[in-house]
Amino acid sequence: MNFLFAVFSQAGRNLLQTWRTQILSLMTITLSVLIFSFFYLVYTNALQAGEQLGDDLRLIVYLDEEAVPALQEQYREKILKFDRVERIEFISSLQAFNRFKDQLDEDQDILADIPQDFLPPSIEVYPVRSLDALSRIKRFSDYLQTLPGVIKVQYGREWVERFYTFIELLRIVVILSGSLLVLTTTFMMAHSIRLTLFTRQKELELLHLVGASNSYIRMPFFLEGGLLGLFGSLAGIAALYLLFNWTQLRFAGSALLGMFSFNFFPLPVIAMIIAMAIILCACGSFSSTRKILSR
Amino acid sequence: MDTTGNNNQVMVDLTRVTRTFPPDVQALVDVSLQVNRGELLFLTGMSGAGKTTLLRLISGIEKPTKGYVEVSGMDLSKISRARLQKLRRLIGVAYQDFKLLPERTVAQNIAVSMEVAYRSRLFIRKQTRDLLAQLHIVDKHNTRADKLSRGEQQRVALARAVANKPDLILADEPTGNLDAESTELVMDLFHRCNESGTTILIATHDSSIYNRPDSRIVTLDCGRIVATKQDADKDTSEPVQYGPETLFTDCLKLLDKDTSEPVQYEPDGEES
Ligand SMILES: Nc1ncnc2c1ncn2[C@@H]1O[C@H](COP(=O)(O)OP(=O)(O)O)[C@@H](O)[C@H]1O
Ligand SMILES: [Mg+2]
């Protein structure tokens, strides 16, 4: 009880003494959390969008002749040897013709004179809907091309590749902004501790003289760092939430938003980001105070 | 005097302690001193004799170049940081330069020594009020330390040293800035603490406070113990002579002499 009181009153006193730097630290942490969580939000939403679009993602492998059931089994085996897939469908010439006919709808009569096997038979491969699968799709296509009896492999190449580079880029940006968050928080903490050491030099010296324990001296800094992390990240997340809602309202009804559903972080992710900021700041501030003990 | 090193009885035990400062200042030379629990001891000697250095060695701020310093049975060179911190919480030190925090109030300054020992709010408030009353500075409770006179600052420093009810009090020139009346208050406080069992070491050159017959007086000169005046009914460890011709001891002359030779006792009033 007395210990807690001592820690809190020390921390409070220090916050009062150095509030200017503390506000600066708080703003830096808020900004870093905002930047990081912004990119992270875009990233998670892009992943979700990728999975929604994955429905249209398939490789069409055109064959030079109809595959009999025994051959179908061979193809299936060879495809599965490369990667897990969600579904493999064999389309005969006739099925392809019928599909085409259905698509033509009212103009079906133009097909009247055309033989029913004018379209080649094919295999439709639906890869597992994941980013990993996306990243391998080109290699998958190259592999399928080497199978016997394959004339051509088709897939939404351009779209997939663009989307994939976009996701990759986002991933890098998320990692970079995450490192920025780590760097700025630890730097700000080290900076504010240095300032505190400067303004409280006499007091810390006296504390050593009257026999203050290490925890008496360091716990307030730990608490202070934790509080900065808490409020900084709360403010950052709140700012992002406002920004998110604003964009939702601003672009409501636009085509892009109509296609995908954008979601804010679920609570556990918010809790994780806040916890991360608290731990980072508390530990940053705690470890910067090692200096004052080794005097 | 107890020379068997019985640690239960001995609060402070210095064994052949030498402290030199670069380049070649000999602040203390081969000093051996035992202070029993419950003792009130005066440390005298002119400015630069090594009184402050001796007190700093006892509180562990300074380390001896040679020799051993034991406090409460613990060798200061061997104990862990945590033990030293704990020990310091049991030692109240009133520094010669006060070491008050200028922008804190008197009450906050006094509270520091009790806060680091995790004393309760109630205890801290009560002790602060009591001590301020005893030292006649109750009205300064909420005054910033840098707005006080030297004499008031000195009393606040003293109150802080005494506040946590330490086992050992080290006071460095505690009456240096005080008038006769305040000196009397301060000495009364020391005697009350001493009566309740606290060991007290007072470094001073104020002859008016140690011209009492009931305490041991150890005199330092140029870092050496040159004289010890003991309580009348106990043995004196070294013969003490009073002579008018040694009003001011010449350091150089002393160093030339054989130091085992008893040196005449004369309190100096050099320091201002
Ligand atoms: N940190 C130090 N560095 C160098 N010399 C010092 C230091 N502390 C004390 N001294 C020297 O040691 C001697 C004893 O000083 P001190 O213990 O302060 O004497 P006193 O308190 O009796 O006046 C003096 O000559 C002083 O100059
Ligand atoms: Mg001195």
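Lettering follows sequence order; numbering is per chain, from 1.
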Inset, instruction - Kindly indicate whether the side chain of A:Phe36, heavy atoms from C-beta on, has any atom under 4.5 Å from the side chain of A:Leu180. - result: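 No - every pair of side-chain heavy atoms lies 4.5 Å or more apart.
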Legend entry - Spacing of A:Glu224 atom CD and A:Gln22 atom CD [to the nearest 0.5 Å]: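 A:Glu224 CD to A:Gln22 CD: 4.5 Å, rounded to 0.5 Å.
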Where does [X] contact chain A at under 4.5 Å (heavy atoms): side chain, backbone, both or neither?
| X | answer |
| --- | --- |
| B:Ser120 | both |
| B:Pro102 | side chain |
| B:Leu87 | neither |

Inset, instruction - Give a yes or no on whether the ring-centroid distance for A:Phe262 and A:Phe244 is below 6.0 angstrom. - result: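 When the ring centroids of A:Phe262 and A:Phe244 are compared, they turn out to be at least 6.0 Å apart.
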Legend entry - Between B:Ser113 and B:Arg119, a side-chain donor and acceptor under 3.5 Å: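 No donor-acceptor contact under 3.5 Å links the two side chains.
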